[in-house]
2 protein chains.
Amino acid sequence: MSVTIKDIAKETGFSVATVSRVLSDKTGFFSQQTAAIINETAAKLGYKKNMAATELVTQKSNVVAVIVNSTKTNFSDQIINGIQKKADEAEKRVIILYAGDRDERSQRIALSTALERPILGILLLSVDLFPSNLAILTSSNIPFYFISISFKDTMLNYIASDDQEIGYQATNYLISQGHKNIGIAGLNIENSAHTGALRFKGYQKALREAGIVFKSDWLQTGDYSYESGVTALQNYYLKKDITAVIAASDLVGIGILNECNRLKINVPAELSILTTDGTSLCELVRPQLSSITQDFYRMGYLSTTYLINNTQNNAYTNIAISQRQSVKSLNKIDH
Amino acid sequence: MSVTIKDIAKETGFSVATVSRVLSDKTGFFSQQTAAIINETAAKLGYKKNMAATELVTQKSNVVAVIVNSTKTNFSDQIINGIQKKADEAEKRVIILYAGDRDERSQRIALSTALERPILGILLLSVDLFPSNLAILTSSNIPFYFISISFKDTMLNYIASDDQEIGYQATNYLISQGHKNIGIAGLNIENSAHTGALRFKGYQKALREAGIVFKSDWLQTGDYSYESGVTALQNYYLKKDITAVIAASDLVGIGILNECNRLKINVPAELSILTTDGTSLCELVRPQLSSITQDFYRMGYLSTTYLINNTQNNAYTNIAISQRQSVKSLNKIDH
DNA sequence: CTGAAAGCGCTTACAG
DNA sequence: CTGAAAGCGCTTACAG
């Protein structure tokens, strides 16, 4: 059907071995003249190398597989850009696979699609693998890295933000702006090793260091969704206790913001919002959402670097406060 | 390295042929007992089929390659969901390739990555191919479909909205709400065959039918970006001529909205906004943006259906007005 | 600098 | 129901 090196060999009179050598540029094993003829003929015939065949014989691959949630994780673009950049620099290719929305079967299909062909390794983009699927992965002998999710278990490689630091720094920032009654909303605290629990721990630490006594209704758990933000604010509204809230994601922050809008609560005059992530969504809404911003691009770049160099390692990327319009300083007034 | 059918053959005493037959489930060519033994051994050994080898010998593939812009086209998720759904139903796999942001080289790399391995076909997700890259594609003999982009050239297959209808229906809707001075903003009119030009044509047709004389400053061209919206509104602000504007995308609409916010123009009291696309962004901002909504999910689903069935065809998917909060009816007042 | 040959992991007529 | 053999498109020692 499509043209192969055999066709080129026939056309030029050289052997397939020679054709293969010039086409894969094994410099020094052929004369300039031969190369010219073969390359020309390849172009003329519209030759496209069949990488599947190459990968089969060389037993190695230049493609990294990225598995992402189809969930609206609005930061995945940034991570993928970072991955793409590093892959490009290293002359690797990247293919992206959707793993559905926390669906065991979809995850398994995405995993199989990756595992059933020659690949360099797998990058899991904030996908929380079901145990059964993690088992498939670990038993495959293919290197893999989690991005934007961290683990206690140091057998698993991850590149993420330090979630405890996120909680700690976010809270400290709000305290530095004069807030004392600070909510934390939209995060999932259940799994003791994970994101939510760590952030909450950092939050409590900052409170403690500032001598603030935590009240249980300051914590409004959720699933990082817009709806979590809406619900959280409704609960806060009942108590009218807090002056600032840390949202677990930008979407949670927007949920809170919009519900404030509906209930005629002025942000930031009556309630300050500090959101987590700092994606472009923060600048789309009014007032713009201040955030504790994660370096997603860097996560992508770094994880790909590790994968390519086969560095079995974990790493934290930087976090920083981005001041926009949704946090009010109480200090000026207090003074 | 990893376990092959040869290993299973050795382990079970059957030939690789038999192993192959049961593992690829060529029903009727083996006994239940044999199957049981082989499947068991495969599981025990952690066998993973090497699809690259299979594809090499069968000369066909079950993977559809989707090429997307890394540009913030915030509707691509919906399209991909539709693709994924249909692919799943047909037992096909999908891999996604990023083609950068209107970058010739990135496009070429994405294309090569797809073309250099066995695939079923290619779906181009609102990527405006450079001529050189289109040439590569067409000469490859692999079926491909454009999604969310239409062409005059009927040699190219596309699944998209009817852009002239978008312009026409959007304008008619605004006219039905009593608006007469209607802007259209953020679209690119240059390439005569494309999206922007068609929408503008539909817009003009609706105006004409309503006996409204178009004024040239009602058209503010752009590139479908947030910034286009901001700039457009600044220009409108100078003339204070229009009561409603059709934004070329949700981001354009938000750019207009936020600039209104800055200039203390009340939406929709002083200016109505009808945005194009109708993604989730419309419901994130306040007031929520009314839109002429495209059926992106369906585009994905339909194009994948065509690709799998090898239907050489074009199709338009439905469009509809989604009333939210950003369009004011002038009729009540007029009455 | 070039070619003949073996082999990567699979599938599938052909024969039995 | 099962096996021996050829072959998919490539690469790479080995020989010359």
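Every chain is numbered from 1 and lettered A, B, ... according to where its sequence line falls, protein lines coming before strand lines.
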Donor on one side chain, acceptor on other, [X] and [Y], under 3.5 Å:
X	Y	value
Asp77(B)	Tyr98(A)	yes
Asn157(B)	Gln312(B)	yes
Thr41(A)	Glu11(A)	no

Closer than 4.0 Å, any side-chain N/O of [X] to the OP1 or OP2 of [N]?
X	N	answer
Ser20(B)	dT11(C)	yes
Thr18(B)	dC1(D)	no
Gln59(B)	dG9(D)	yes
Thr4(B)	dG9(C)	no
Ser15(B)	dA4(D)	no

Provide, to the nearest angstrom, the distance between the [atom1] atom belonging to [X] and the [atom2] atom belonging to [N].
X	N	atom1	atom2	result
Ile5(A)	dA4(C)	CD1	C1'	13 Å
Glu55(B)	dT12(C)	CD	P	13 Å
Ile38(B)	dC1(D)	CD1	P	13 Å
Lys10(B)	dG3(D)	NZ	C1'	17 Å
Lys49(A)	dC8(D)	NZ	P	19 Å
Gln33(B)	dC1(D)	CD	P	12 Å
Gln32(A)	dC1(C)	CD	P	9 Å
Leu56(B)	dC8(C)	CG	P	14 Å

**Study point:** Pairing nucleotide - dA4(C), Watson-Crick or G-U, each distance under 3.5 Å
**Key:** none
Point to revise | Watson-Crick/G-U partner (both atom distances under 3.5 Å) of dA13(D) | key: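 When the pairing criteria are applied, nothing turns out to pair with dA13(D), so the answer is none.
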Exercise for review: Nearest-nucleotide wise, let me know which of Ala17(A) and Lys6(A) is further upstream toward the 5' end of DNA chain D.
Suggested key: Lys6(A)
Study note, to complete from the structure: Whichever of Ser31(A) and Met51(B) has the more 5' nearest nucleotide on DNA chain C, that residue is Ser31(A)
Exercise for review: Could you give the distance separating dT12(D) and dG16(D) at their C1' atoms, to the nearest angstrom?
Suggested key: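 Pairwise C1' distance, dG16(D) against dT12(D), rounds to 16 Å.
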Check your understanding: Where does the angle between the aromatic ring planes of Phe151(B) and Phe146(B) fall among parallel (under 30°), tilted (30 to 60°) and perpendicular (over 60°)?
Key -> perpendicular
Measure from the side chain of [X], starting at C-beta and using heavy atoms only, and say which of [options] lies closest.
X	options	value
Arg21(A)	dA13(D), dT2(D), dC10(D)	dA13(D)
Val16(B)	dT2(C), dT11(C), dT11(D)	dT11(C)
Asn50(A)	dC1(C), dC10(C), dG9(D)	dG9(D)

Check your understanding: Just by modelled atom types, is the Thr279(A) backbone N or O under 3.5 Å from a matching donor or acceptor in the Asp277(A) side chain?
Key -> no
Exercise for review: Enter the distance from Ile147(B):CD1 to Thr304(B):OG1 here, rounded to the nearest 0.5 Å.
Suggested key: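 The OG1 atom of Thr304(B) is 6.0 Å from CD1 of Ile147(B), to the nearest 0.5 Å.
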